[in-house]
Amino acid sequence: MKTYLAVYYLIQFCGHSWIFTNMTARLLFFGKDSFADTFYSIGLVMQACQLLSVLELLHILTGVEQQLLLPKFFQVTERLVILFLVITSQEEVQSKCIVCLLFFLWNLWDVIRYPYLLLSAVGIDYSTMTWLNHTLWIPVQPLSLLAEVYTVYESLPYFETRGTFCYTMSLPFAVSIYFPYILKVYLVILPAGKVPLKTMYMLVTSGKVLG
């Protein structure tokens, strides 16, 4: 299982490193013009990495990884919701600078997190990587939360105009699903759930709680 985990973390690290390097290079060469087609350049790899992260839930459920399930479940699902339902479904949102910032923050954290987990899986304790893993999240996670909330907020007018994911079902009584309302509720749940759960998760993994 250590070999499997090491390979998994290595694949994720390679994917997120490619995204991070690609975004950084495009920003340096093209500046603000890179925002327009950043999603088209890295979107497919981003989607693959986030879909692959669902395996992390299975790792916890099967005992392969010793982590808290609820914070990990919230982390994985929030990214899937924002990436696939909010960003991918609305082409106008994909070119906004807030999406580039969000992807940058996600991958900045992941290019530190996955090497740390990789080294831990093979039994190597690298103090610098450990320090980065347990400190970088302090500024990155609140910024990521703000970027996620603003991305959802920016997408609302497009969902309201186009009626994407809005349905009316004919059951014994008519049931209407208006997706913008769901997103507005999600805007409240997102910070309310992410902040305490993520703080608990990082404290536990850093040994401040379980130690």
Which pairs, with at least one residue in residues 1-10 and sequence neighbours excluded, count as a salt bridge (charged side-chain N to carboxylate O under 4.0 Å, His left out)? none
Suppose we screen for salt bridge (Lys or Arg N to Asp or Glu O under 4.0 Å). Which residues come up paired with Glu91, at least two apart in sequence or across chains? none
Are Leu28 and Phe103 in one and the same hydrophobic cluster, where Ile, Leu, Val, Met, Phe, Trp and Tyr link if side-chain heavy atoms are under 4.5 Å apart? no
side-chain hydrogen bond (donor to acceptor under 3.5 Å, both in side chains) partners for Glu65, two or more places apart: Tyr9, His59, Gln67
Of all residues at least two apart in sequence or in a different chain, which pass the side chain to side chain contact (heavy atoms under 4.5 Å, CB included) check with Ser17? Phe13, Val111
Hits for side-chain hydrogen bond (donor to acceptor under 3.5 Å, both in side chains) against Tyr178, two or more places apart or cross-chain, chain-then-number order -> none
Who passes side-chain hydrogen bond (donor to acceptor under 3.5 Å, both in side chains) against Thr164, sequence neighbours left out? Gln90
Just to verify, what does Thr135 make a side-chain hydrogen bond (donor to acceptor under 3.5 Å, both in side chains) with, not counting sequence neighbours? none
Sequence neighbours excluded, the answer for side chain to side chain contact (heavy atoms under 4.5 Å, CB included) partners of Thr130 is Tyr116, Asp125, His134
Check side chain to side chain contact (heavy atoms under 4.5 Å, CB included) between Leu80 and all other residues, then give those that pass, not counting sequence neighbours. Gln50, Leu51, Val54, Val76, Phe84
Restricting to side chain to side chain contact (heavy atoms under 4.5 Å, CB included), what partner residues turn up for Leu52, sequence neighbours left out? Tyr8, Ile11, Gln12, Leu55
Taking the hydrophobic residues Ile, Leu, Val, Met, Phe, Trp and Tyr, and joining any pair whose side-chain heavy atoms are under 4.5 Å apart, which ones share a cluster with Leu27? Phe35
Counterpart residues, salt bridge (Lys or Arg N to Asp or Glu O under 4.0 Å), relative to Asp37 (two or more places apart): Arg26
State whether the number of non-hydrogen atoms from other residues, nucleotides or ligands found under 6.0 Å of Phe165 atom CZ is greater than 12. yes
